[in-house]
Every structure is written in C-alpha cells, then in structure tokens.
Amino acid sequence: MGEIKNVCLIDGPQLLATAFDKLGCDVLRLAGSGGAVLDLGEALARAREGRGFVPDLVVQIESLGRRCLLAGLDSLACPAMLWCMDPHLNGYWHAPYARLFDLTCSSQRAAIPALAGRGAADVRWLPTFGLSSPSPAHGQRTRDVAFVGRQSAARPGRTWMVRLLERSCAGHVLTVTEGLSFGAMLDLYRDARIVPNESILDEVNFRLFEGASCGCLVLGQDLGEEQASLFEPGREFDTYADGVELVEKLGLYLKNPRLTQAMGQAGRARVLAEHTVRHRAQRILEYGRDATDLRARGREADIWLALTVATMWEAGMFGGSAREVLARLAGGAGAIDLTVSPEMVCAAMRVQAMAGMTAPLATTVDSLLAAGLWEDSAEANLTGSMAALRLGRFDAAKSFWYRHIRNTGIKNPGPPGSPDDLRILWARNAARRGAVIRSGFAFDPATHLPASASECLLAVLNDRPEDPPIMRLLDTMLRPLPGYSQLRVGLLSSLTLRERDDWRLTLDLALANLRSYRVEPGLEELAMAQRLAKSQGQERAFARALAAADRSGLLAARLAPAG
C-alpha cells in the first residue's frame with residue numbers, strides 16, 4: 001500500500017502514539033474496556049464525524065492488564081495489525097484472535113509458532129522497546145542495586161530471588177519495591193547502578209529494556225540467542241544461569257563500579273541505536289506498508305472472534321454467562337453448527353463442561369461420535385474424550401481415543417483399563433504433538449477439560465495425589481520447557497522423599513532449586529547427589545551430568561572432592 005499517514009492505535013501507550021506523531025502520522029488513540037468487545041466500526045465512525053479521521057493502519061497493542069477484543073476489523077479498508085506483548089501468558093487466546101488481523105507481531109520470538117498455531121499466516125517478531133532516557137554517571141547515583149516488581153504467593157521464585165539479593169547485598173544500598181508509576185520507576189533506575197532481572201516464564205521482558213535505557217547494568221537470566229541478539233552478553237548486559245552465578249556476578253560488579261558503568265552505558269547506547277519506541281514505530285509502519293490482506297472476513301471473522309471470547313471466558317478473563325458465550329459461537333443460529341470446525345466443537349464442549357451443562361455436553365459428545373465428525377482432529381478427539389469422562393461415560397471416552405489412533409496410524413498401546421489410564425495415554429500423545437502446556441492458563445481439574453499433556457496429568461494427580469510415576473512423567477515433560485523450575489521444585493521434592501537413592505533425581509532437584517534462587521537447599525541437594533553417586537560407583541556419570549548443566553563451573557567448585 002502507499003504512505004501511512006493516519007494510524008488508529010488501540011490500547012497503545014502514549015509513548016508509541018508520540019513516536020508515530022513525530023514520524024508525521026496523525027494518531028487516533030482508542031481505549032477498550034477489559035473483558036469486553038469494542039465495535040471498531042462504530043468507534044471509527046464517531047471519529048470521522050468529529051475529525052474526519054480515516055485510518056491507513058489499525059494497530060492493537062495487547063497488554064496483560066487490558067484485554068479488549070475488536071469487532072468489525074473485517075470491514076476495514078486498511079491493514080490491521082496485532083502486537084502481542086505477553087504471548088508467553090496469553091498465547092492460547094492470541095492464536096485464534098490473530099486470525100482477525102492481516103499481520104500479528106510477537107514480542108517474544110519463541111512464541112511465534114504457537115501464535116501461528118490456529119492458521120495466522122503472517123506472524124513476525126517485534127521486541128518490546130526502551131526509551132531515550134537521561135543517564136546520570138554512576139558516581140552520582142545513590143543506590144547500588146534496584147529491583148521493581150510485584151511479589152506474590154503465585155510467584156515464589158521472585159520472592160526467593162529477592163531474599164537472595166538481600167543476603168548478597170549486605171553493606172550495599174539495595175532497593176526492592178513495587179507498584180510504582182512508570183515515571184517513578186524510571187527515576188529509581190536512574191539512581192541505581194545494577195538492575196537484577198527475573199521473568200515469569202524465562203521470556204525477554206520490559207525490565208531489560210527499561211534498565212538499559214537508564215544506563216543501568218542489567219543482570220538477567222540466560223535466555224539464549226533471542227536475548228543475546230538484542231543485547232550483547234558480557235558487554236551491554238550480563239547473564240546468570242542460576243542463583244550461585246547471580247551471587248558471584250553481583251559481587252563482581254559491586255566491586256567494580258567502573259566496569260558496571262561502562263556496561264550500563266553500552267546497554268543504553270544499544271537501546272538508542274536499535275531499541276527505542278521510535279524504532280518500533282518505524283518498523284510497524286514498514287510492516288503496515290507491505291502487509292497483505294490475510295484476515296478473516298464475514299462469518300469466518302465472527303467465528304474466530306467467538307472462539308477467542310470462549311477461550312478467554314474459559315480462562316476467567318471475559319464476562320458474561322456460558323449461554324451468552326455459546327450463543328456467540330452459534331452466531332444467532334440457535335444451535336452451534338458442529339461441522340464448522342474442530343475448534344468450534346472443542347470450544348463448545350469446554351464451555352458446556354465448565355458451566356456444568358451436562359445435557360448439552362452429552363448431546364455434543366453423542367453427535368460427534370454418531371456423525372463421525374472431526375475424526376482426524378487430535379484436539380477434537382482429546383476434548384471429546386475428556387468431556388465423556390466428565391460425564392462418567394468411559395466407553396465413549398475410549399471411543400474417541402480409538403478413532404484417534406485409527407486415523408493417525410499410531411500403534412495401539414493396548415486398551416486403557418481406567419479413566420486415569422486413558423488420561424495418561426492422551427498425555428503422552430499430546431506431548432508427542434508438542435502440546436505440553438497452555439502457558440499462562442490457570443488449569444483447574446475440577447472445572448476445566450484438559451487440553452494439553454500437563455493438564456491430563458494434573459487431572460490424574462487430582463485423583464491420585466503425589467503418585468510417583470505420574471509426577472515423574474510430568475517432570476519429564478516440563479524439564480525441556482523454559483520457566484518451570486519453580487513448579488519442578490515441588491514435584492522433585494516429593495519424588496526424592498520416596499526415592500532417596502536416585503542420585504539423578506536428587507541432582508535434578510538441586511539444579512531446579514538453584515535456578516529458582518534457592519541456593520542453600522540447592523547446594524545441599526547437590527552434595528547429596530554427589531554422595532549418592534559415589535556410593536553407587538557412578539562418580540564419573542555424576543560429573544558428566546553436572547558438567548552438562550554447569551556452564552560456569554561454579555557448582556562443581558562448590559563441591560568437595562568426590563574422592
């Protein structure tokens with residue numbers, strides 16, 4: 001398309017609106033209300049009456065706090081773009097919502113496959129941003145270390161990190177706070193030398209950009225190549241693999257203020273060169289100019305919006321009753337057309353199950369089996385099987401499993417003898433498909449139908465609390481995923497109480513503790529794993545396993561000689 005002069009920005013920050021303005025764009029900012037649908041056509045019609053505004057590009061910024069959905073995107077004559085700021089927590093509903101846009105951007109490169117999982121054809125990486133901030137010399141700053149972030153029972157890892165900082169910063173000025181305004185937070189960073197960083201699910205977060213913008217040395221988790229492509233480790237910021245390395249590097253930088261300042265200023269220079277809000281605004285305009293018409297329209301758009309509403313409603317993020325959600329899925333037709341898509345079928349069953357609508361749920365299950373609908377859809381078969389179990393119909397639940405393996409050519413592992421056996425079969429199958437977890441979704445086995453491998457196993461554990469084989473299987477599935485060390489600490493602690501002689505299990509617990517900032521328990525478990533391995537004549541196997549996880553060598557250095 002041609003030049004973009006008019007930008008409609010929905011739920012975007014003022015910083016971004018100002019950046020568009022400085023690039024010569026007229027900006028219309030719209031704000032939706034959380035958990036509701038904004039009719040974009042009506043909002044733009046009002047804007048045209050008031051100021052004659054006709055957009056050349058519509059950009060919606062998803063944020064964790066405000067979750068507004070747009071209706072009427074299909075009637076736009078200009079490109080529409082969604083920028084997902086928190087896909088690590090909201091990707092499960094971003095994926096269907098992305099079908100309403102021509103182009104979807106993800107702040108996390110690692111989240112792109114999940115966002116494209118419902119068929120979004122154009123998903124691109126657009127990281128978060130910093131800003132052009134004053135940066136006083138470190139000698140003028142009064143705080144050595146500052147951390148701004150909410151602490152809660154739901155985030156034990158952050159609390160453990162703060163306690164570790166408090167012990168490690170004795171004799172230095174440490175400030176830990178939360179609930180600051182954006183301006184007050186920046187003022188604090190401009191008065192601090194070092195900003196430790198910690199993220200919810202090992203994602204690249206705003207704190208990295210904000211701290212670097214203010215010339216602080218950001219000391220964050222090692223998140224791999226994605227983060228390293230944004231800031232150079234060891235020069236523009238630094239990383240740690242676990243609590244031991246965090247303490248080691250924090251001590252190093254507290255003793256070397258000149259190095260700390262040099263790295264903080266290098267990080268700020270990188271922000272100014274590549275990562276300001278102006279850079280992101282420029283990139284959005286570039287993307288808008290080359291966007292193609294890919295969004296759903298008409299009844300298809302209504303369906304994807306309804307599926308997004310149903311998914312958010314299931315997660316407790318959208319208001320209204322179950323009947324209202326189901327009516328939206330039906331599109332005014334009275335009854336839901338189960339032949340539309342497997343996504344429609346699954347959404348209907350999940351809403352019906354969550355609302356305790358037993359009779360409609362039974363009708364849906366029976367209709368699927370009788371008509372042979374969506375036999376080749378793993379999601380439809382899994383959801384139908386879990387719905388049948390919710391109804392207490394084990395034979396029907398097995399029917400969905402059998403038709404799945406028949407249509408996918410999977411070797412029959414044998415008949416499941418119980419509902420939990422069936423859930424375990426589905427868990428293994430879902431894990432092989434990569435559907436291990438719905439990141440950010442607070443699954444409740446008493447309410448929700450399992451939709452992933454971990455949820456199937458959590459449903460089993462709800463019936464058989466602390467079952468060792470199930471906890472082992474769940475831990476095996478979670479181990480490769482970033483950000484789940486805190487959850488694994490609980491699983492592995494319970495397992496090691498039952499299997500005290502397994503040094504590999506004890507080593508896994510040690511590493512999970514250390515990555516969760518529990519340094520003392522982690523080092524104790526590490527020494528225990530070493531002793532167990534030695535008693536079993538497996539010192540070399542232990543050393544190899546530790547070396548694979550100990551990039552810095554600090555953990556091995558903390559251990560007494562094995563001999």
Is a side-chain N or O of N197 found less than 3.5 angstrom from the main chain of G220, in a donor-acceptor match? no
Counting C-beta onward and ignoring hydrogens, is there a side-chain heavy-atom pair between L28 and V7 closer than 4.5 Å? no
Residues at least two apart in sequence or cross-chain that pass side-chain hydrogen bond (donor to acceptor under 3.5 Å, both in side chains) with S516, listed by chain then number, are none
How far apart are the closest heavy atoms of C8 and F53, and which atoms are they? N-CZ, 4.0 Å
My understanding is that only residues two or more places apart in sequence, or in another chain, count here; which of them pass side-chain hydrogen bond (donor to acceptor under 3.5 Å, both in side chains) with R124? D122, D290
If you count the non-hydrogen atoms of other residues, nucleotides and ligands that lie under 6.0 Å from CZ in R323, is the total more than 12? no
Tell me every residue that passes salt bridge (charged side-chain N to carboxylate O under 4.0 Å, His left out) with R350, counting only those two or more places apart in sequence or in another chain. E379
Taking ring-ring contact (aromatic ring centres under 6.0 Å, His included) as the definition, give me every residue that meets it alongside F101, ordered by chain and number, with sequence neighbours left out. Y97
Please check this pair: side chain of R150 against backbone of T177, looking for a donor-acceptor N/O pair closer than 3.5 Å. no
When you measure from the side chain of N381 to the backbone of S377, do you find a donor-acceptor pair of N or O atoms at a distance under 3.5 Å? yes
Pair D102 + R295: basic N to acidic O under 4.0 Å: yes
Show me the pairs that pass salt bridge (charged side-chain N to carboxylate O under 4.0 Å, His left out) and involve residues 473-485, at least two apart or across chains. D475-R479, D475-R488, R479-D508
Could you pull out all residues at least two apart from D238 that satisfy salt bridge (charged side-chain N to carboxylate O under 4.0 Å, His left out)? K249
Flag side-chain contact, heavy atom, 4.5 Å: T175 against L188: yes
Got a sec: does the CZ of R299 have more than 12 other heavy atoms crowding it under 6.0 Å? yes
Please answer whether the main-chain N or O of C84 pairs with a side-chain N or O of H94 as donor and acceptor at a distance below 3.5 Å. no
Of all heavy-atom pairs linking M344 and I336, the shortest is CG-CG2, 3.7 Å
Between R158 and E198 (salt bridge meaning N to carboxylate O under 4.0 Å), is one present in this structure? yes
Can you pull the ring pair (Phe, Tyr, Trp, His ring centres under 6.0 Å) pairs that have at least one residue in residues 3-30, sequence neighbours excluded? none
Non-hydrogen side-chain atoms of Y484 and I437 separated by less than 4.5 Å: yes
Shortest non-hydrogen pair, D74 vs G298, comes out as OD2-N, 3.0 Å
Treating W83 as the side-chain partner and L126 as the backbone partner, does any N or O pair qualify as donor plus acceptor under 3.5 Å? yes
Flag, side chain of W160 to backbone of Q486, donor-acceptor distance under 3.5 Å: no
Flag the pair T159 / Y517 as yes when at least one side-chain heavy-atom distance between them is below 4.5 Å, and no otherwise. no
Would you sort out whether W426 and S385 count as a side chain to side chain donor-acceptor pair (under 3.5 Å), showing the intermediate values? CA-CA 9 Å; W426 275 117; S385 187; 3.0 Å; yes
Give every donor-acceptor pair under 3.5 Å between a side-chain atom in residues 438-446 and any protein atom, sequence neighbours left out.
unit_1 : atom_1 : unit_2 : atom_2 : d
R438   : NE     : E455   : OE1    : 3.4
R438   : NE     : E455   : OE2    : 3.0
R438   : NH2    : E455   : OE1    : 3.0
R438   : NH2    : E455   : OE2    : 3.4
D444   : OD1    : A446   : N      : 3.0
D444   : OD2    : T447   : OG1    : 3.2

What pairs with T276 under side-chain hydrogen bond (donor to acceptor under 3.5 Å, both in side chains), at least two apart in sequence or on another chain? H279
Restricting to pairs with a member in residues 212-224, which pass salt bridge (charged side-chain N to carboxylate O under 4.0 Å, His left out), not counting sequence neighbours? D222-R551
For R270, is there an ion pair with E274 - N to carboxylate O distance below 4.0 angstrom? yes
With R99 via salt bridge (charged side-chain N to carboxylate O under 4.0 Å, His left out) - residues at least two apart: E300
Is the backbone of F129 close enough, under 3.5 Å, to the side chain of R280 for a donor and an acceptor to pair up by distance? no
Less than 4.5 Å apart, any side-chain heavy atom of Q221 and any of Q227? no
Does T128 have any side chain to side chain contact (heavy atoms under 4.5 Å, CB included) partners at least two apart in sequence or in another chain, and if so, which? M85, S107, F206, F209
Is it true that R207 and E210 have a side-chain N and a carboxylate O under 4.0 angstrom from each other? no
Counting distance only, does the side-chain N/O of D86 pair as donor-acceptor with the main-chain N or O of L89 below 3.5 Å? no
Taking CZ in R428 as the centre, count heavy atoms belonging to other residues, nucleotides or ligands within less than 6.0 Å. Is the count above 12? no
Kindly indicate whether the side chain of W374, heavy atoms from C-beta on, has any atom under 4.5 Å from the side chain of C346. no
Should R432 and N429 count as side-chain neighbours, where that means a heavy-atom distance under 4.5 Å? yes
Working to the nearest 0.5 angstrom, can you tell me the gap between D202 CG and E226 CD? 11.5 Å
Indicate yes or no: at least one non-hydrogen side-chain atom of S135 is less than 4.5 angstrom from one of Q265. yes
